[in-house]
There are 2 protein chains.
Amino acid sequence: MHIEISPQDGVPIYRQIANQVKYLIASGRLKTNEELPPIRVLAEQLLITPNTVVKAYHELQSEGLVYKRRGAGTFVADTKSPLARREQKRILIGRADALLSEAKQLGFTFDEVLEMVRSRQSALDKTAGKEQSDARPRG
Amino acid sequence: MHIEISPQDGVPIYRQIANQVKYLIASGRLKTNEELPPIRVLAEQLLITPNTVVKAYHELQSEGLVYKRRGAGTFVADTKSPLARREQKRILIGRADALLSEAKQLGFTFDEVLEMVRSRQSALDKTAGKEQSDARPRG
DNA sequence: TAAATTGTATCACAATACGGATACAATAGT
DNA sequence: ACTATTGTATCCGTATTGTGATACAATTTA
C-alpha cells in the first residue's frame, strides 16, 4: 500500500494517513476485508513512530472504516454495512451543520448555500478528473 | 452589547465572543458602522484578559465583519459590501470543500450530500425556531 | 506449547493553543 | 500640544496536541 506523507504540511501525519486510506477505500483500491499494513511495517516504511500509525488506524476504526484483530492485523470493514454507514453519516452531518450554522451567522440564505455547494462540487470534479477516472471501483 | 461566555465549554472564549458578535450582526441587532465595546471594556465586563477580546475582534476583522481604527474603536463593517461578502464566501467555500471531499472519500454520492444538507437545514430551522423569529433582519 | 506477529498501554518530549499581565503606539478630542 | 482613549505588541504560564521510545498483552501459526 503506497502512502505519502509530508511532515509539517500543517495537517498532522496521522490525519494524512487516515485520509489517504479513506480515499483508497472509497475508490475501491482497498477492498472489504483486505488487510492493511501492520502498524510497525507502515511506521518503518514512513520513517515515523508506530504511535502515529496507531492513531491513524484508531481514527479509521472509530469511523467504522476498518476493524482490528490482535495478532492478526487491521482490515477494511464492510463500508456498506448499516453500522459503518451510520457512523460515516454522523461525521458528515457534523460538517454539514458547521457549514449551515456558519452560513446563517454570516447572513447567507439557504439557497445561497445550496448554490455554493453545487458550484464547489463542479470545481472539485474538474480538478480531480484525472485521478478519478482511474480511481473508481471497477467491480 | 450583551455577551455571555461559559469558560471551558470546550469552545474557546475568543471564539464564543466572535460567534455571538457574528450572530448579532447577521440578525441585524448590530448595524453597519455601529461601534463595538472597546477591547478593555468588554474584557472587564466579561472578567477576562483584553488579549482574548483582541483575538475575537481580530478573527471578526479577518472575516471582513468589522474594521478597526486606532484611537477610535472597532466598528461593524458593511457586510453587504463586495469585499466583505467575498471574504465571507471564501470561508464558507472552505467548509463546503471539507464536506464534499470527506463525503467523496467515504463513498457518498453528491446527491446524497445534497439530500443531507437539506435535511440538516430543516432540523436546524426547527430547533432554532424561537430565537430566529425574533432575530431575522427586519429591513 | 513455544515462538513469532499483531495490536495496546504507558511514559516522555516538543510544539502549539489558550489565556493572562504589562508595556507600547497611534489616534481622537480638547 | 496635551491628555485620554483606543488598538497593538511582547513576554509568560498552563493545558492540550502531536510525535517518539519502550514495554506489555493477546492472538496466530507452526
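Order of the sequence lines sets the chain letters (A, B, ...), proteins ahead of strands, with each chain counted from 1.
Contact annotation: Arg69(A) does not reach the phosphate of dG7(C) (side-chain N/O to OP1 or OP2, under 4.0 Å). Taking side-chain N and O atoms only, Thr74(B) has a distance below 4.0 Å to OP1 or OP2 of dG7(D). At the phosphate of dC18(C), neither OP1 nor OP2 sits under 4.0 Å from any side-chain N or O atom of Thr52(B). The shortest distance between the side-chain N/O atoms of Tyr14(B) and the OP1/OP2 oxygens of dC18(C) is below 4.0 Å. Between Lys68(A) and the phosphate of dT8(C), there is a side-chain N or O to OP1/OP2 separation shorter than 4.0 Å. Of the side-chain N and O atoms in Lys55(B), none sit less than 4.0 angstrom from OP1 or OP2 of dG19(C).
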| request: Could you please spell out the steps behind the side chain to side chain donor-acceptor pair (under 3.5 Å) verdict for Asp78(A) and Tyr67(A)? | output: CA-CA 9 Å; Asp78(A) 181 3; Tyr67(A) 62 92; over 6 Å; no
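Whole-Å rounding puts the Leu36(B) CG to dT5(D) C1' distance at 16 Å. Between the CD atom of Gln16(A) and the C1' atom of dT19(D) there is a distance of 13 Å, given to the nearest Å. Whole-Å rounding puts the Tyr67(B) OH to dG7(D) C1' distance at 15 Å. Rounded to whole Å, atom C1' of dT8(D) lies 10 Å from atom CG of Asn51(B). Rounded to whole angstrom, the span from the CG atom of Leu42(A) across to the P atom of dT19(D) amounts to 13 Å. If you measure from atom CZ of Phe75(B) to atom C1' of dA28(C), you get 10 Å, rounded to the nearest angstrom. To the nearest angstrom, C1' of dG19(C) lies 11 Å from CD1 of Ile17(B). Following rounding to the nearest Å, Asp9(A) (CG) and dT16(C) (P) show an atom-to-atom distance of 14 Å.
Of the charged side-chain nitrogens involved, none lies within less than 4.0 Å of a carboxylate oxygen, so that Arg90(B) and Glu63(B) do not count as a salt-bridged pair. Ion pairing between Glu34(B) and Arg29(B) fails under the 4.0 Å rule for side-chain N and carboxylate O.
Among the nucleotides dC18(C), dT8(C), dT8(D), the one closest to any side-chain atom of Arg40(B) is dT8(D). In this structure, of dT19(D), dA26(D), dG20(C), it is dG20(C) that holds the atom nearest to the side chain of Ile48(B). Listed nucleotides: dG19(C), dG7(D), dT19(D). Nearest to the side chain of Thr49(B): dG19(C). Comparing dA28(C), dA26(C), dG20(C) against the side chain of Arg70(B) picks out dA26(C) as the nearest. In the set dT27(D), dT19(D), dG7(D), dT19(D) carries the atom at the smallest distance from any side-chain atom of Ile13(A).
Nearest-nucleotide positions on DNA chain D place Val11(A) closer to the 5' end than the other of Pro50(A) and Val11(A).
Judged by a 6.0 Å distance limit and a 45° cone about the ring axis, Arg85(B) is positioned over the six-membered ring of Phe108(A).
Heavy atoms of other residues, nucleotides or ligands lying less than 6.0 angstrom from NZ of Lys89(B) number 12 at most.
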